[in-house]
Amino acid sequence: FENIISLIGNISNEIANEINATVLPINDYNSSYKVNVKAYNLYLKGRHIWNQNSDKNIASAIKLLKESIKVDSNFAPSYVTLAEAYITQNKFISDNKEKQFNRGKSRIIINKSLELNEDLGMAYITKGNILGKFDWDWEGMKIMLEKGLQIDPNNAYGHMLLSDYYLVNNDLNTAINEALIAENLDPLNAQIGMMLGDKYCIVGEYEKSIEQYQKILDVFPNNGSALSELGFVYFINEQKEQAVNSWIRLQEIIDCLFQSPNS
């Protein structure tokens, strides 16, 4: 198990060869690194919970990632995801002091990850995310994202963030192309699917946007965000009945979540 990094690289390259795909060699992490089994499992759990992008779960993700670092303080990916978790947490809190604390922590943590491994693509991608989300330094963000993707071209999250960069700069076609790359790399990631649906809506391709949200709901039928956005796109596309049906379904899910256990 401690050779998992090497195993992942070997399997990915073998798959690429079998399907004749043009995939650059995986060099995102030193394949000789011996991973502590407990630290790696904690990292995987923390990353999975962070990916859910939920205000209820983000504290658990932070706790797991801190435990991973405590077990193996040299495993850089845990630091990267912990920095991302602090960025995500800021979306769900209103206390400005806590937000400032999270910003400072994310910067310190991502720099620590690069001290541990300066060739870690995901670290540059997160550093780019910090520059964009916290500093509004879009060109700095682009430089970091492109550096990360040069190391790890198959990082779907990096392409997703690069799509946001092009959206901010009003290059809508490139924004959609980057979003499509991200979706192709990680087709079951609802967050990436939502982003693509949003961008289709922004450029006025409502039918493609509707199709995108429905794809998400086929896999995650209780995804409230997808139902909400689907209803909105139906509404602006003058499909009022479908919009109401989407929002009714959303309300049913909300009611179920808050229903008393004794009722």
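Counting non-hydrogen atoms of other residues, nucleotides and ligands closer than 6.0 Å to CZ of F134 gives a total above 12. Counting non-hydrogen atoms of other residues, nucleotides and ligands closer than 6.0 Å to NZ of K99 gives a total above 12. A 6.0 Å sphere centred on CG of N173 holds no more than 12 heavy atoms belonging to other residues, nucleotides or ligands. No more than 12 heavy-atom neighbours from other residues, nucleotides or ligands sit within 6.0 angstrom of NZ on K70. Counting heavy-atom neighbours within 6.0 Å of E252 CD, excluding the residue itself, gives a total above 12. Surrounding CD of Q214 are more than 12 heavy atoms belonging to other residues, nucleotides or ligands, all under 6.0 Å away.
Under the 3.5 Å distance criterion, with hydrogens and angles disregarded, no donor-acceptor pair is assigned to the side chains of N189 and Q191. Checked by atom type, the side-chain pair E98/N102 shows no donor-acceptor distance below 3.5 Å. For the residue pair Y165 and E178, no side-chain donor N or O sits within less than 3.5 Å of a side-chain acceptor on the partner. Checking N237 against E207 by side-chain atom types alone, a donor-acceptor pair falls below 3.5 Å.
Remark: side-chain polar atoms of S163 are paired, donor with acceptor, to backbone N or O of A175 under 3.5 angstrom. Remark: side-chain polar atoms of D72 are paired, donor with acceptor, to backbone N or O of N74 under 3.5 angstrom. Side chain of N155 to backbone of Y157: a donor-acceptor contact under 3.5 angstrom is found. Not a single donor-acceptor pair under 3.5 Å links the side chain of Y200 to the backbone N or O of I176. The backbone N or O of S228 sits less than 3.5 Å from a side-chain atom of W247, completing a donor-acceptor pair. With N184 contributing its side chain and L180 its backbone, the two residues share a donor-acceptor pair below 3.5 Å. Between the side chain of Y213 and the main chain of G231, no donor-acceptor pair closer than 3.5 Å is present. The backbone N or O of A61 lies less than 3.5 Å from no partner atom in the side chain of H48, so there is not a single donor-acceptor pair.
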Go through the steps to decide whether Q251 and D255 satisfy the test side-chain hydrogen bond (donor to acceptor under 3.5 Å, both in side chains), and finish with yes or no. CA-CA 6 Å; Q251 188 60 52; D255 290 344; 2.9 Å; yes
Apply salt bridge (Lys or Arg N to Asp or Glu O under 4.0 Å) to K133 and D164, showing your working. CA-CA 11 Å; K133 294 279 175 65; D164 288 339; 5.7 Å; no
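Salt bridge D135/R107: present, at least one basic N to carboxylate O contact under 4.0 Å. K215 has a carboxylate O that lies under 4.0 Å from a charged side-chain N of E183, or vice versa, which qualifies the two as a salt bridge. Taking a cutoff of 4.0 Å between a charged side-chain nitrogen and a carboxylate oxygen, K142 and E139 do not qualify as a salt bridge.
Atoms CD1 and CG, on I125 and L149 in that order, are 4.5 Å from each other to the nearest 0.5 Å. For the atom pair CG of L230 and CG of N223, the computed distance is 11.0 Å after rounding to the nearest 0.5 Å. Summarising the geometry, atom CG belonging to L44 is positioned 9.0 Å from atom OG belonging to S78; distances are rounded to the nearest 0.5 Å. Atom CG in L167 sits 12.5 Å away from atom CG in L161 (nearest 0.5 Å).
If you chain together hydrophobic residues whose side chains sit under 4.5 Å apart, Y86 and F75 fall into the same group. A continuous path of hydrophobic side-chain contacts links V168 to Y166 [ILVMFWY only; heavy atoms under 4.5 Å]. The hydrophobic cluster containing F220 also contains I254, counting ILVMFWY residues as joined when their side-chain heavy atoms lie under 4.5 angstrom apart, directly or transitively.
Residue I110 is tested with L82, N129, T126 for a side-chain contact (heavy atoms from CB on, under 4.5 Å); the sole match is T126. Residue W50 forms a side chain to side chain donor-acceptor pair (under 3.5 Å) with just one option from N57, T88, T81, and that option is T88.
Classification of the Y43-Y40 ring pair by plane angle, with boundaries at 30° and 60°, yields tilted.
Judged by the 6.0 Å distance and 45° axis criteria, K240 is not positioned over the aromatic ring of Y234.
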